[in-house]
Amino acid sequence: MVELRDSMILLRPWQHGDEGRLVHHADNRRVWRNLTDRFPHPYRWDDAHAWVAQAGRFERLPEHFAIVVDGEVVGGAGCERLADLARRSAEVGYWIGEAHWGLGFATRALRLLTDYAFEHFDFERLQAGVLDWNPASRRVLEKAGYRLESRQQRAAFKDGVIADLWLYVRLRGDS
């Protein structure tokens, strides 16, 4: 099993048994409001079972990980290959349960995920979009070595609001 770790966190593939902590942390409007619409709200047991089953299926290497701190799942991180001309690029994403915000876990997870993605896949570019109202996530990306590439005005619609989308990137070889 692939495990990525530093002194405080572990990233490992999602597995049966994670559903309870997943629902506990993910069924939170404040978490959902900062994520793509693929992340459901409310987040129910059926959603957790479907996600763990989907994320646990991979051909060669996992792309989605549970973030584990002191043996407890506290969030998730992953990357997804883009398509067509952008097939050597991936979108990265991460989330942390609200009780664990501000403790540096997202930055640590993103650093581990970024190193893993460049080491094990042929990606030349990793990118993440951040909604205008989420400066904490922009700081996570900056601390993990990503740079602001563009601020896409009025490019997102979330929670009934039109928002700017800040696009951050990290290229293979960036330090």
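Among all heavy-atom pairs drawn from Arg125 and Phe118, the shortest one is N-CE2, 4.1 Å. Heavy atoms only, all atoms of each residue included: Pro42 and Asp47 are closest at O-OD2, 3.5 Å. In terms of heavy atoms, Ala109 sits closest to Ile9 at N-CD1, 3.3 Å. Between Ile96 and His100, the shortest heavy-atom distance links the atoms CG2-CB, 3.5 Å. What you find for Thr114 and Tyr146 is that their closest heavy atoms are OG1-OH, 2.7 Å.
Counting heavy atoms from C-beta on, the side chains of Leu113 and Tyr94 never come closer than 4.5 Å. Between Pro62 and Met1 there is no side-chain heavy-atom pair separated by less than 4.5 Å. With contacts defined as side-chain heavy-atom distances shorter than 4.5 Å, the pair Trp95/His25 qualifies. Side-chain contact between Glu3 and Val68 is absent, with no heavy-atom pair separated by less than 4.5 Å. Glu80 is listed as a side-chain neighbour of His64, based on a closest heavy-atom distance under 4.5 Å.
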Got a list of side-chain donor-acceptor pairs under 3.5 Å for residues 49-57, not counting sequence neighbours?
unit_1 : atom_1 : unit_2 : atom_2 : d
Arg57  : NH1    : Ala53  : O      : 3.4

Side-chain donor-acceptor pairs under 3.5 Å in residues 138-145, sequence neighbours left out?
unit_1 : atom_1 : unit_2 : atom_2 : d
Arg138 : NH1    : Asp132 : O      : 3.1
Glu142 : OE2    : Tyr168 : OH     : 2.8

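Residues forming a side-chain contact (heavy atoms from CB on, under 4.5 Å) with Asp46 (at least two apart in sequence, or on another chain): none. Applying the side-chain contact (heavy atoms from CB on, under 4.5 Å) rule to Arg29 yields the partners Trp32, Arg33, His41, Asp159; only residues at least two apart in sequence or on another chain are considered.
Residue Arg147 qualifies as enclosed at atom CZ: its count of foreign heavy atoms under 6.0 Å is above 12.
Hydrophobic cluster membership of Leu85, counting Ile, Leu, Val, Met, Phe, Trp and Tyr whose side-chain heavy atoms lie under 4.5 Å apart directly or via other members: none, as it forms a cluster of its own. In this structure, Val161 belongs to a hydrophobic cluster whose other members, linked by side-chain heavy atoms under 4.5 Å apart, are Leu131, Trp133, Leu165.
With respect to the salt-bridge test (charged N to carboxylate O, under 4.0 angstrom), the residues Asp122 and Arg81 qualify.
Relative orientation of the Tyr43 and Phe39 rings is tilted, given thresholds of 30° and 60° on the angle between their planes.
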